[in-house]
Every structure is written in structure tokens, then in C-alpha cells.
Amino acid sequence: MNMIIEVPQPICTSCNKRHATYHRITSGEKLCKLCLFNSVVKQTRKISHYYKMFRKNQKIVFAIRGDNIPLSIESFLILHQAVKDFELEYKILCPDNIVDCKIVDNEIKEHVKGKYEVYTVKYSLDVISKSFIHMVKYIDAVSVKIAKESEAESVVSTLFRDEMTMLSIMGFLLLSKTVFGEGMPVKYVESVKIVRPFYNVFSHDVIYLAYSLNDMVKLCKELNKIRINVDEYFLKAYKIFLKSPELMYSSSKSVELLQSFVIAKTSRCSVCGSFSDKQVCEYCEQFKISH
């Protein structure tokens with residue numbers, strides 16, 4: 001006789017009410033989807049206030065990444081919830097040569113009540129598929145250009161703690177000030193401020209929310225994706241961080257201690273705002289984007 005043994009589903013360690021569906025690598029918590037979402041919102045709100053990233057009724061440019069559309073949409077929903085008391089006015093850059101922007105608009109409209117505009121742009125597919133750092137810097141450059149044209153004061157860069165740590169360490173190993181500077185929560189291009197409100201958020205948390213909480217799986221069937229060429233360093237570093245998140249945070253803290261020395265001895269790229277010994281860094285020279 002075959003016996004079916006039912007394994008009880010663990011209870012969320014945060015609310016102690018709902019069933020846990022997610023094991024958080026960074027803390028070991030077992031969380032339900034709602035508590036995970038609320039936790040990420042809290043992390044985003046805390047870092048946004050700490051670095052004074054926004055002010056009331058401010059115009060913001062939020063760029064959708066070319067490598068993961070659902071992740072970008074979920075990130076926007078998190079940010080909107082985290083700083084909703086600021087009543088920000090968003091211009092969401094949507095690459096219509098990668099995704100159907102009507103789908104993006106409809107998905108956001110289901111969850112957001114506020115001032116926002118989905119603004120279609122075209123990304124250079126050759127550039128953003130070249131490498132992760134190329135994509136990051138290219139989208140920042142495009143966002144700053146549009147921010148200046150629309151008189152927006154800030155650009156939101158959708159980078160997460162693990163990604164920024166890897167960029168910082170990579171820049172340090174390569175002796176590249178430009179790559180090293182991408183690990184900072186705030187950078188400037190003249191009057192435009194580029195902010196990373198997900199500075200304390202682990203990307204895996206948001207990826208899980210993107211593909212479960214808002215029915216993104218169904219949405220993904222209608223979305224095109226760009227394959228980013230990821231070098232061997234990123235692949236190995238990410239595997240290490242997954243096994244040891246405390247190493248990710250301690251490494252990031254070590255890099256932060258070095259940033260003051262870098263800032264004191266270098267200028268910034270006039271296109272993307274990263275540290276650079278030249279007016280335009282070696283990456284932005286390839287983009288041919290002038291402000």
C-alpha cells in the first residue's frame with residue numbers, strides 16, 4: 001500500500017500568518033510574497049531617504065532595462081510604492097524596438113495610480129548586448145539626455161546591490177575608475193542626479209516577485225528579450241555571492257571605503273557621470289550620445 005505523506009508548508013517568518021513561498025538567501029527568512037514585497041519596499045524607501053534621492057513633486061526619468069523587462073516593471077512598482085508620498089512625476093523610458101510598450105503601459109496601469117508617462121525610445125541593440133557594463137552606461141547616458149530635454153531632475157538607474165558590488169570589484173581589479181564608480185548609490189551629470197534606490201536590494205528578491213507576484217510569467221510570453229554578453233568574471237562572482245551573501249555586503253563596504261580616494265583625484269564623464277580622467281569616458285565615446 002502506497003502512502004502519501006504531506007509535508008507541511010512553512011509559515012512566513014515575518015507575518016506568522018500566510019504560508020511562506022520564498023527562502024531569502026541574504027537573511028535566511030522564509031517569506032510569503034506580500035511580506036517579501038513589503039520588505040523590498042522598506043529597503044528601497046530607507047535608502048531613498050538616507051541619500052535624499054527625491055523631493056516632493058519631482059520629475060523623474062525611469063529607464064527600463066533591455067535585458068529583463070519584467071524585472072524593470074516590478075522595480076518601478078516597488079519604487080512607486082516606496083516613495084508614493086513624494087508624488088513624483090515619472091517618464092518611463094520603454095525601448096519599443098525590444099518590447100511592445102503598450103503591454104508595459106497596461107501592466108503598470110493595473111497597479112499604479114499616479115503621474116507617469118510611458119515614453120518610447122530605441123536602444124542600440126549592438127551596444128546593450130555587448131556587455132553588462134555597456135548596457136548600464138548606455139542606458140544612463142540615454143536617460144540623462146532625455147532628462148535634460150524634459151527638465152527632469154533625476155534619473156533612476158535600476159541596479160541592485162549584488163550587481164553594483166560586482167561592478168565595483170570588477171572596476172577595482174581592472175583599475176578602471178569608470179567601472180568602479182558604477183557601485184555608488186548616487187552620481188551626477190551636471191544638474192541631473194542619477195540615483196540607485198535599490199542599493200540595498202538583492203536582485204533575486206525582485207526577480208522572484210517579477211515572475212510570480214504580478215503574473216509576469218504570462219506577460220513574458222509576449223515580450224522580447226535581449227541576450228547580454230556576460231564575461232566569465234560576472235558568472236563566477238555571482239555564483240560566489242549566491243553561496244555567501246555576507247561576502248557581497250562586506251566586499252561592498254570595503255569598496256565604499258576606497259571611493260573617497262577616487263572621488264578626490266578624478267573628474268566625471270560629462271555623458272554618464274562616472275569617474276573618468278577624460279571629459280567623456282572610454283565607454284561613452286562609443287555611444288556617440290551628446291548632451
Side-chain angles (χ1 to χ4, degrees), residues 26 39-55 58-68 71-83 86 88 90-93 128 132-144 146-147 152-172 177-189 192-207 209-210 234 238 241 248-249 251-253 255-256 258-260 262-263 268-269 271-275 281 283:
T26 53
S39 177
V40 174
V41 166
K42 185 177 180 180
Q43 288 177 312
T44 305
R45 180 168 59 244
K46 182 177 180 180
I47 210 71
S48 298
H49 282 277
Y50 182 81
Y51 286 100
K52 299 179 180 179
M53 293 182 174
F54 308 108
R55 64 173 184 80
Q58 189 177 3
K59 289 184 178 180
I60 302 295
V61 170
F62 182 100
I64 288 179
R65 284 169 50 162
D67 62 329
N68 197 320
L71 176 67
S72 295
I73 296 174
E74 184 66 34
S75 300
F76 177 74
L77 300 181
I78 291 168
L79 177 66
H80 182 267
Q81 180 67 22
V83 295
F86 282 89
L88 302 177
Y90 300 94
K91 182 183 284 289
I92 304 172
L93 305 189
I128 67 173
F132 185 73
I133 184 64
H134 277 84
M135 183 194 72
V136 169
K137 297 181 73 59
Y138 174 79
I139 293 178
D140 279 354
V142 171
S143 300
V144 169
I146 294 176
E153 297 177 36
S154 294
V155 166
V156 173
S157 176
T158 313
L159 279 179
F160 299 92
R161 182 75 179 207
D162 43 311
E163 295 172 333
M164 296 172 72
T165 301
M166 288 192 292
L167 287 171
S168 293
I169 297 175
M170 183 180 183
F172 183 69
K177 296 178 181 179
T178 303
V179 178
F180 177 83
E182 295 304 327
M184 299 187 70
V186 178
K187 61 179 184 176
Y188 293 86
V189 181
V192 178
K193 180 164 60 174
I194 301 176
V195 299
R196 276 80 182 261
F198 307 106
Y199 184 64
N200 274 344
V201 178
F202 193 46
S203 65
H204 263 220
D205 294 352
V206 183
I207 289 171
L209 290 170
F234 265 78
Y238 202 71
F241 287 152
M248 174 184 68
Y249 284 94
S251 299
S252 183
K253 288 294 182 183
V255 170
E256 287 173 14
L258 296 171
Q259 287 174 346
S260 59
V262 177
I263 294 172
R268 290 183 179 272
C269 171
V271 178
C272 72
S274 286
F275 301 130
C281 71
Y283 290 91

Side-chain contact test, heavy atoms from C-beta onward, threshold under 4.5 Å: evaluate it for [X] versus [Y] and give yes or no.
X	Y	value
E182	S157	no
V195	F54	yes
I64	I92	yes
F86	H49	yes
T158	F76	no
Y283	V179	yes
I78	V201	no
Q43	V40	yes

Rounded to the nearest 0.5 Å, what's the gap from [atom1] on [X] to [atom2] on [Y]? Could you check?
X	Y	atom1	atom2	answer
L79	S72	CG	OG	12.0 Å
C269	K137	SG	NZ	6.0 Å
L88	K59	CG	NZ	12.5 Å
T44	Q81	OG1	CD	10.5 Å
T26	D162	OG1	CG	9.5 Å
S274	Y188	OG	OH	14.5 Å

Using only atom types and a distance under 3.5 Å, with no angle test, would you say the side chain of [X] pairs donor to acceptor with the backbone of [Y]?
X	Y	value
R65	L71	no
S154	I60	no
T178	F275	yes
R268	G273	yes

Pair D205 + R161, salt bridge at N-O below 4.0 Å: no
Ionic contact status for R196 with E163, cut-off 4.0 Å: no
Could you label the plane-to-plane angle of the Y90 and H80 rings as parallel, tilted or perpendicular, counting under 30° as parallel and over 60° as perpendicular?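 Tilted: the ring planes of Y90 and H80 meet at 30° to 60°.
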Is the F160 ring parallel, tilted or perpendicular to the F198 ring (thresholds 30°, 60°)? tilted
Identify the two heavy atoms, one from [X] and one from [Y], that lie closest to each other, and give their separation to 0.1 Å.
X	Y	value
K193	K52	NZ-O, 2.9 Å
A152	V192	O-CG2, 4.2 Å
M135	I128	CB-O, 3.6 Å
C272	V189	C-CG2, 3.4 Å
L93	V142	CD1-CG1, 4.5 Å
S143	A63	OG-CB, 3.3 Å

Given side chain to side chain contact (heavy atoms under 4.5 Å, CB included), test I146 with K91 step by step and report yes or no. CA-CA 9 Å; I146 294 176; K91 182 183 284 289; 3.7 Å; yes
Could you go through V83 and M53, starting from their C-alpha distance and side-chain angles, then the distance that decides it, and tell me whether this counts as side chain to side chain contact (heavy atoms under 4.5 Å, CB included)? CA-CA 10 Å; V83 295; M53 293 182 174; over 6 Å; no
